[in-house]
Amino acid sequence: QVQLVESGGGLVQAGGSLRLSCAASGGTFSRYDMGWFRQAPGKEREFVSAISWSRGYTYYADSVKGRFTVSRDNAKNTVYLQMNSLKPEDTAVYYCAADRRSGTFYYSDYGTYDYWGQGTQVTVSS
């Protein structure tokens, strides 16, 4: 069973930075496409960013493009989300997710992912 554990969340002022980490265990991490989603209070879970297992292609929601950077270290079974120029509207619980299936990577589709972490809270104050 694959387990994903996020860390790195916290409270930061607007304009600040945070780096989230998601450590995976129990599976073949290097073969998984990975995604980041977030959910703010009263809102649906939304796609933030993703990175493919093959060639490390990266994808971003328009709202975070140019501010967030996703990366992975297969040797450490970890995916990262570097978040810069944070805004109050980035406040949410951030989740990482893994897609173990091969084929087309529908990275922004919640249903694509087989495994989810427990989430880490990010709060951006104005």
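Applying the salt bridge (charged side-chain N to carboxylate O under 4.0 Å, His left out) rule to pairs touching residues 70-83 yields nothing, sequence neighbours excluded. Residues in residues 25-64 take part in no disulfide bond (SG atoms under 2.5 Å apart) pair, two or more places apart or across chains. Residues in residues 46-65 take part in these salt bridge (charged side-chain N to carboxylate O under 4.0 Å, His left out) pairs, two or more places apart or across chains: Arg38-Glu46, Asp62-Lys65. For residues 23-63, no residue pair satisfies the disulfide bond (SG atoms under 2.5 Å apart) rule, not counting sequence neighbours.
Within the model, atoms OG of Ser125 and CG of Leu86 stand 10.0 Å from one another, a figure rounded to the nearest 0.5 Å. Atom OH in Tyr107 sits 10.0 Å away from atom OG in Ser49 (nearest 0.5 Å). Interatomic distance, CZ of Phe105 versus OG1 of Thr112, reported as 7.0 Å (0.5 Å rounding). Distance check: Thr69 OG1 to Arg67 CZ gives 11.0 Å after rounding to the nearest 0.5 Å.
Considering Val64, Thr58, Val48 in turn, Thr58 is the only one that fulfils the side chain to side chain contact (heavy atoms under 4.5 Å, CB included) rule with Val70.
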Using residues 8-37 as the side-chain source, report each donor-acceptor pair under 3.5 Å to any protein atom, sequence neighbours left out, with the distance given to one decimal.
{"residue": "Ser17", "atom": "OG", "partner": "Asn84", "partner atom": "OD1", "Å": "2.9"}
{"residue": "Tyr32", "atom": "OH", "partner": "Thr28", "partner atom": "N", "Å": "3.3"}
{"residue": "Asp33", "atom": "OD1", "partner": "Trp53", "partner atom": "N", "Å": "2.7"}

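As a member of the Ile/Leu/Val/Met/Phe/Trp/Tyr network built from side-chain separations under 4.5 Å, Val5 groups with nothing else and remains a singleton. Other members of the cluster containing Tyr80 do not exist, because no ILVMFWY side chain is joined to it at under 4.5 Å.
Within a 6.0 Å radius of CD in Gln118, other residues, nucleotides and ligands contribute more than 12 heavy atoms.
Judged as a side-chain hydrogen bond (donor to acceptor under 3.5 Å, both in side chains), and not counting sequence neighbours, the contacts of Tyr115 are Arg100. Arg101 is linked by a side chain to side chain contact (heavy atoms under 4.5 Å, CB included) to Asp99, Asp114, counting only residues two or more places apart in sequence or in another chain. Every residue two or more places apart in sequence or in another chain that forms a ring-ring contact (aromatic ring centres under 6.0 Å, His included) with Tyr110 is listed here: Trp116. Residues forming a side chain to side chain contact (heavy atoms under 4.5 Å, CB included) with Ser108 (at least two apart in sequence, or on another chain): Phe47. Annotation: side-chain hydrogen bond (donor to acceptor under 3.5 Å, both in side chains) contacts of Gln121 (sequence neighbours excluded): Thr123.
Hydrophobic clustering, with ILVMFWY side chains joined whenever heavy atoms are under 4.5 angstrom apart, keeps Val79 apart from Tyr113.
Residues Phe68 and Leu81 form a side-chain contact, since some pair of their non-hydrogen atoms from C-beta on lies under 4.5 Å apart.
Panel note: side chain Asp109, backbone Tyr106; no donor-acceptor pair is recorded below 3.5 Å.
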